[in-house]
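Each remark here refers to the structure printed beneath this line.
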Amino acid sequence: MMKYNFDEIIDRKHTSCMNTDGFRQYIFHADETMKFPFADDEFIRMWIADMEFASPDCITDAIRERLDRKIFGYTRIFGDEYYQAFSSWTRKLYGWTFPRKDLYTSHGVIPALYELTGYICRPKDKVLMMTPSYAYFKYAAEHNGVGYVCSDLCNRKKDGYYEIDFEDFQRKAEDPAVKLFILCNPHNPSGRIWTEEELRRIAEICFENHVIIISDEIHCDLIRTGRTHIPLAKLYPDSDQIITCMAPSKTFNTAGLQFSNIIIPNEDIRKCWHKWHNFDENPLSLAGAIGAYKGGYDWLMELRKYLDANFEFVRGYLAEHLPDAVFRIPDATYLGWVDIGAYVEKGEDLPLLFAQGAGVLLEGGNMFVQNSDTYIRLNAACPRSVLEEGMKRICGLLTKRRETDGTWDSV
């Protein structure tokens, strides 16, 4: 029996949260005048990458304790408490630690990507990424006025398993303009955990071509039971060419606290960080992060089991009701990556289709740079009852379309 209640339905409306109040702007680039056949309360929300689960008590208790101190003045990290809490966490989960001097924090991994890309790249340089890709890797390049180049992952269409095209990756990395590779490990949106062999091949190619690596490992705690995550930097403890990004935000559903860990072993990049970075912290975010890393392990282990079961439900439901959809339970993350190309046309606006036709909010492949057409990304981090209703609506819409139209035959 589970100690924590992941079946609880929590009302998030009117809290200025993106999930309930910001979907028109984020997904559809529209304002409140955009209307749907469904009332806002009727939507099943399976889009943005936060969870519908309450954060663990270790976080709220730590924040309440900090609230009791009554003053919330300028705050920075002093002493060893935070380093000890986070490094103990990485040692316990991954058998990996790092020097205290290398640990910095940011108001999020995205702001850190924007900042670091500017420190590493100059005009006419390029950023390398593997696609489909989290769109903010591309945006980090664009924000800094530098180019980007994509290496498409190879997808085994029969089972949705992604592999790296190492020949293409090496060819792209050999471009003298490529100075930075942003790795997603585990990968978003496919959910792949890269093996040690894959990580070593990636790293060696980058090292040979003098390409700095930023390893975005924000999903690393959210792995399937029995799986193992390997921090890339663990494989190269003497290298200063790997910057690691982790955070409590995805793990403990605290994205709004805007707090992440950036591990920078490179002295030149650290000098830029020291010169330009804003080191101020939200005192409640700092307290919550310490509470999470000190007391959140048991909660995370139960969360993993709940997510495992949710993904088994998704797999079974798709197999029964959308047999031509291609889905593989992800190695990590709480995000399912589903190819529905047998049921939709290429180029179709899938987020709009499901919002208008099924009352489901989700993200389509158009949000993941390239190599992602006909895909949808489903957030399975929600109570089972919500997930069941969402899958019922998604599958019902596509089944009805095939039955009434008949133009999308199985491929």
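Just so you know, these numbers come straight off a predicted model, no measurement behind them.
- Aromatic pair Y236/F207: centroids less than 6.0 angstrom apart.
- In this structure, K126 places its NZ atom where only 12 or fewer heavy-atom neighbours from other residues, nucleotides or ligands lie under 6.0 Å away.
- The distance between the ring centers of F311 and Y334 does not fall below 6.0 angstrom.
- Proximity of the aromatic rings of W47 and Y26 is defined here by a centroid distance below 6.0 angstrom, and this criterion is met.
- Taking CD of E52 as the reference point, atom CG of N379 lies at 7.5 Å (rounded to 0.5 Å).
- Aromatic rings from Y4 and Y306 are positioned such that their centres are separated by 6.0 Å or more.
- Ring centers of W89 and F252: under 6.0 Å apart, within the cut-off.
- Aromatic pair Y94/H229: ring centres closer than 6.0 Å.
- F36 has its ring centre less than 6.0 Å from the ring centre of F28.
- Aromatic ring centroids of Y114 and Y119 lie 6.0 Å or more apart.
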I would like to know whether Y375 and V338 meet side chain to side chain contact (heavy atoms under 4.5 Å, CB included); could you show each step before the answer? CA-CA 5 Å; Y375 280 82; V338 189; 5.8 Å; no
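- With sequence neighbours excluded, the residues forming a side-chain contact (heavy atoms from CB on, under 4.5 Å) with T225 are R304, K305, D308, listed by chain and number.
- In terms of the salt bridge (charged side-chain N to carboxylate O under 4.0 Å, His left out) criterion, D31 has no residue partners (sequence neighbours excluded).
- The six-membered or imidazole ring of Y134 lies near that of Y136, with a centre-to-centre distance under 6.0 Å.
- Contact check on R227 versus D331 returns a salt bridge, with a Lys/Arg side-chain nitrogen under 4.0 Å from an Asp/Glu carboxylate oxygen.
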